[in-house]
Amino acid sequence: MAASSQTEITPVRFGVVVFPGSNCDADSYHAVSTFAGAEPRYLWHKDTHLDGLDCVILPGGFSYGDYLRCGAIARFSPIMKAVRRFAEDGGLVIGICNGFQILLEAGMLPGAMLQNRGLKFICKLVNLRVESNRTPFTGAYETGQVIRLPVAHHEGNYYIGEAGMRELEENNQIIVRYCDEDGAITPKANPNGSLANIAGICNRERNVFGVMPHPERVCDEIIGGADGRGVFESIIGAVAGAGEQADPSSLRSSG
Amino acid sequence: MSATSQKPEYELLGLKSHEYDAICEKLGRKPNYVELAVFSLMWSEHCGYKHSRKLLRKLPTQGELILQGPGENAGIIDIGAGQAIAMKIESHNHPSAIEPFQGAATGIGGIVRDIFAMGARPIANLDPLHFGSLQKARQRFLLDGVVSGVASYGNCMGIPTVGGEIHVEDAYEGNCLVNVMCVGLVDQDKILRARAEGPGNLVLLIGSTTGRDGIGGASVLASAEFDETAEEKRPTVQVGDPFMEKKLLEACLEMRDDGLLVALQDLGAAGISSSASEMASRGGVGIDIDISRVPLREAGMEPFEIMISESQERMLAIVTPEMKDAALAVCEKWDLDATEVGQVTDSGHFRVFQGREMIADMPVAALVDDAPAYVVEAVRPAHLAAEPLPEDHYEAPADLNGVLTDLLRSPNICSKHWVYQQYDHMVQTNNALWPGADAAVLRIKGRQSGVALVTDGNGRRCFLDPRRGARAVVAEAARNLSCAGARPVAITNCLNFGNPEKGEIYYQFQEAVEGMAEACLALETPVTGGNVSFYNESFGQAIYPNPVIGMMGIIEDVRLIGTPHFRDEGDVIMLVGGARPAVDGSEYQKIIFGEVAGRIPDVDLERERRLQLLAREAILEGIAKSAHDVSDGGLACCLAESAIIGGKGAEVDISGVWPGGRPDILIFGEAPGLVVLTMEEKNLEYFGQLALDFPTRIIGRVGGRRMVIRMNGEDRVNIPLSGADRAWRTALETMMEGR
Amino acid sequence: MPESSGDGREPETGRHERNGVLTMKAKVFITPKKGILDPQGLTIERSLPALGFEGVSNVRVGKYIELELPDGEKAAAELDQMCHKLLANPIIEDFEFELVP
Amino acid sequence: MPESSGDGREPETGRHERNGVLTMKAKVFITPKKGILDPQGLTIERSLPALGFEGVSNVRVGKYIELELPDGEKAAAELDQMCHKLLANPIIEDFEFELVP
Ligand SMILES: Nc1ncnc2c1ncn2[C@@H]1O[C@H](COP(=O)(O)OP(=O)(O)O)[C@@H](O)[C@H]1O
Ligand SMILES: [Mg+2]
């Protein structure tokens with residue numbers, strides 16, 4: 001990553017992967033473009049280079065129609081090899097909705113997605129509790145903060161075996177959970193039946209984040225909310241902060 | 001079997017003998033089987049508009065903002081700044097009655113192709129639906145299947161389903177209505193048309209392989225009534241592949257951006273036959289197709305089967321020979337099959353080849369323009385009443401609180417979140433107003449302005465008076481847009497009727513079209529296109545005549561829009577408009593008295609125009625804190641909805657608003673031409689200046705935890721908001737669970 | 001029956017007693033009807049070569065349902081009805097079933 | 001194998017020649033892993049009594065995939081790979097397959 005000088009601020013560069021069937025790619029692109037310090041660019045699923053990027057977004061949608069299983073085919077795309085390497089080198093990867101499913105299928109995050117408990121696609125605003133702001137994706141929020149993001153999925157019922165669950169908990173990898181308005185984690189607040197109300201997790205290294213709700217859909221009050229901005233602010237802050245080796249408080253000041 | 005096999009071929013294909021004679025005359029010889037099959041479809045009701053063409057000419061189609069009226073795959077409306085909206089509505093009633101999931105899914109697929117055939121990117125779907133009583137398991141199965149089908153296809157495509165409606169009436173029990181509307185956004189300099197031009201240009205078939213599915217599907221299904229033999233006639237059901245269509249969409253728009261397309265056309269009813277011949281007709285050229293090049297999904301397909309297959313997810317593109325390779329490259333990038341299947345000629349004929357051999361040769365004009373047009377002698381249905389019901393026709397119920405709860409629970413009134421939460425209504429991140437309001441409002445990225453969209457159909461009113469009903473439906477659609485702060489500018493329409501060969505149905509159709517035309521003229525919302533769905537009957541029983549209107553409005557500033565919910569305690573509730581509610585044709589009449597009878601009040605179109613102007617002004621001036629039109633369930637339900645969504649009660653007194661009159665009818669009755677606005681006290685004077693002499697009346701205030709409607713010193717309705725909320729919010733889900 | 005298995009499940013015996021009723025196990029195989037488009041199968045087939053599996057064709061994706069139902073003479077007839085009415089969609093799907101003896 | 005059938009299909013022979021390559025037919029059965037919630041199965045189970053089918057239990061809904069692949073010694077190994085890597089997700093699903101002789 002290029003070191004930023006005093007005079008010239010390098011924008012944080014986001015790559016938005018386009019799989020056949022992605023349909024939130026343009027939304028993610030648009031959301032990123034509303035941040036002064038960020039610059040989005042599309043990546044084709046056959047690309048094999050991620051040069052110069054700070055963060056890769058695997059967007060929502062229906063890659064390969066979600067046929068067979070969500071994300072099952074997309075994870076074999078040529079770009080996924082590059083994304084894996086990028087993550088291994090410490091690059092930031094966020095998978096939103098279908099992107100999360102792809103990360104699971106690719107084994108870059110643990111667990112799997114089952115059909116929603118109610119067997120129906122569900123699109124609505126939900127409350128989420130930020131379980132940890134110690135990630136490059138949630139640094140701009142407070143731990144324990146309740147935010148409102150929309151979900152839009154048919155397979156968001158997160159599942160992981162007992163051992164895996166223990167590991168997630170021990171390593172503080174559960175990043176957001178479905179909750180009620182007051183932040184209580186209740187079965188009623190769980191829209192899809194996911195284990196322990198899990199809505200988003202990260203890997204052990206905390207640089208790969210999968211989240212079912214859509215932060216990119218609520219980055220503008222005119223379309224019903226801006227609670228999702230924090231995710232992008234966090235990433236921008238983290239990248240800028242890492243470049244400057246600044247103290248963690250800078251996580252909260254950019255955007 | 002043996003009896004039918006003695007019938008002549010043309011009759012088996014649904015042609016009348018004089019139609020067959022006309023075909024022979026146009027060709028100057030007897031048609032061969034392929035030609036006959038193609039003619040039978042092109043001259044079917046579905047493609048040929050035999051019983052509607054003449055009447056449709058009465059619709060106003062001109063307007064300053066109309067860039068494309070009827071005649072193309074979709075209408076196009078100027079929204080300024082070099083941009084335009086494409087829109088079209090279509091029915092998929094019959095396929096959905098057989099297989100609700102796939103029927104609805106392929107309905108979405110078809111209408112979406114019409115939009116991107118114009119070069120527009122689809123930005124919204126809407127789905128007006130009509131079913132029989134949800135007390136019946138079959139109807140729940142249909143609704144559930146249709147909603148899943150719309151969701152599955154639309155969600156996968158990444159097109160938000162932002163609106164629509166659900167009506168439940170016994171009249172749709174044997175024949176549900178599944179109409180689907182798609183709206184697209186396009187830069188005016190990128191609009192495509194389906195006009196084949198330039199002899200020597202090539203015809204590319206892009207997308208899915210061609211199979212036997214839906215052979216004669218849409219056209220045959222949409223051109224005949226249902227009866228016991230429907231089972232036998234059941235053609236192979238079409239299965240939708242939204243993933244294929246998503247790739248098709250992206251590839252077509254990429255080819256558009258790269259300037260590779262001379263013309264683009266979807267394959268819909270009658271497949272390659274209609275798309276190729278209609279393209280040729282629009283461009284005044286001929287076209288040659290070699291069916292041996294068409295990629296097939298099944299072995300042993302007959303030539304006529306290839307010609308009329310309704311396999312989904314296919315497009316025809318006309319490209320110049322120079323552009324061919326570039327176009328194929330784009331298709332390959334999107335992993336789509338694309339095959340050169342023919343070329344444009346100057347012959348004026350549609351010729352079909354199988355390799356070197358010519359197997360059909362038909363004048364394009366004969367196929368497309370010369371379909372017979374019929375006028376049926378209209379017969380006024382006996383059930384039409386000349387006068388409204390006398391006020392004392394029904395005994396007033398003692399407990400109006402119970403009436404309100406019953407109405408809030410009616411599937412025609414209750415919350416539809418069970419439906420729209422199954423739709424991805426937020427993708428593309430443009431919703432300035434989410435489902436549940438009077439209209440959907442979408443911002444246009446990069447601009448301050450936006451568009452508002454709505455569909456409206458009310459078969460019950462049209463059944464009681466097709467002309468007044470159609471006028472009312474156009475007015476209601478416009479009123480819904482106005483309540484969102486949008487200026488209505490254009491409509492598309494889907495005319496759902498019974499068998500037009502019957503005089504009474506033809507009467508309904510004629511009256512409805514004329515009524516629609518009157519309202520569109522008065523409200524300055526010209527018709528940009530539409531669809532006609534006849535033969536909506538089962539066992540000889542027709543549905544309610546149902547012109548469904550899809551309307552678009554323009555919003556200058558998406559920050560200034562109207563919303564239905566009450567905002568703050570103490571806000572003044574204002575009733576605007578002078579119409580007097582009636583029991584005739586109302587939800588109140590149907591739910592409480594179990595009847596659909598009488599004569600509905602007519603809409604005063606000039607007053608309607610002023611009413612809507614006033615509502616819009618109040619919103620744009622920032623005075624109106626909420627705006628909601630009075631429709632199903634009357635004033636009481638209008639107020640209750642605003643209260644429930646806003647989480648704030650209301651106290652209202654309607655004494656003296658309408659002189660005389662029975663409280664129950666005034667509270668629950670319906671009439672077009674009423675809107676409820678709320679505003680702060682301090683703005684009353686300014687509002688008065690805007691309203692001038694237009695009838696407006698303060699009827700109460702927002703506040704408290706109850707819904708109270710008083711008249712002549714008595715609480716007629718007084719219920720806790722929480723109860724109303726529960727009734728309204730849980731009704732549909734409860735019904736769908738069969739409880 | 002299986003040549004290989006993803007897990008090491010024991011050979012099955014279909015019959016069980018459940019709440020005092022003798023039940024048997026059934027397997028239902030549902031496939032898209034011939035001639036009906038199978039988008040899933042198609043998409044899988046098209047992507048297999050890129051994943052290194054060449055030469056695979058005619059992929060059709062259907063459903064496989066296992067269940068237990070009361071044992072008895074009518075079991076087959078009941079199951080047939082069940083498939084017709086609920087498990088399969090006879091308009092676009094074919095089904096077969098097997099009662100595990 | 002089937003006791004009854006939704007259509008009257010002929011007995012299958014697995015082997016075909018396709019573009020000069022000998023292919024064989026395979027059937028893959030994918031089931032939700034034991035202990036994993038199967039919302040679809042549960043829903044079917046719950047709705048059966050209302051349709052007049054009593055006493056049905058343990059409904060599990062999985063996938064049934066038919067395909068043709070190149071014949072040969074390696075066919076079984078190839079198919080196993082395909083199942084492991086793509087057709088089934090071992091975290092939540094088990095699979096079995098059958099090569100039609
Ligand atoms: N009710 C109607 N009002 C106005 N125009 C109509 C109506 N019905 C059909 N049309 C127009 O007739 C033409 C043919 O319609 P249709 O066959 O449905 O087109 P497509 O094959 O593209 O769906 C279209 O331009 C359509 O807009
Ligand atoms: Mg069309």
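On a predicted model such as this, the values are computed, not experimentally measured, just so you know. So you know, we letter chains A, B, ... as the sequences are listed, proteins then strands, and number each from 1.
Applying a 4.5 Å heavy-atom cutoff, the residues of residues 39-49 of chain D that approach chain C are D/Gln40, D/Ile44, D/Ser47, D/Leu48.
Here D/Ala26 pairs with D/Leu67, D/Leu69, D/Leu79, D/Leu99 under the side chain to side chain contact (heavy atoms under 4.5 Å, CB included) rule; sequence neighbours left out. For the side-chain hydrogen bond (donor to acceptor under 3.5 Å, both in side chains) test, no residue two or more places apart in sequence or in another chain qualifies with D/Asp38. For the salt bridge (Lys or Arg N to Asp or Glu O under 4.0 Å) test, no residue two or more places apart in sequence or in another chain qualifies with C/Lys63.
Under the 4.5 Å side-chain criterion, counting only non-hydrogen atoms from C-beta, D/Thr31 is in contact with C/Tyr64.
The shortest non-hydrogen separation linking D/Pro70 to C/Gly55 is CD-O, 3.6 Å.
When heavy atoms are compared at a cutoff of 4.5 Å, C/Gln81 approaches chain D by way of both its backbone and its side chain.
Top candidate by heavy-atom pairs under 4.5 Å with chain D, chosen from C/Lys85, C/Glu78, C/Met82, is C/Met82.
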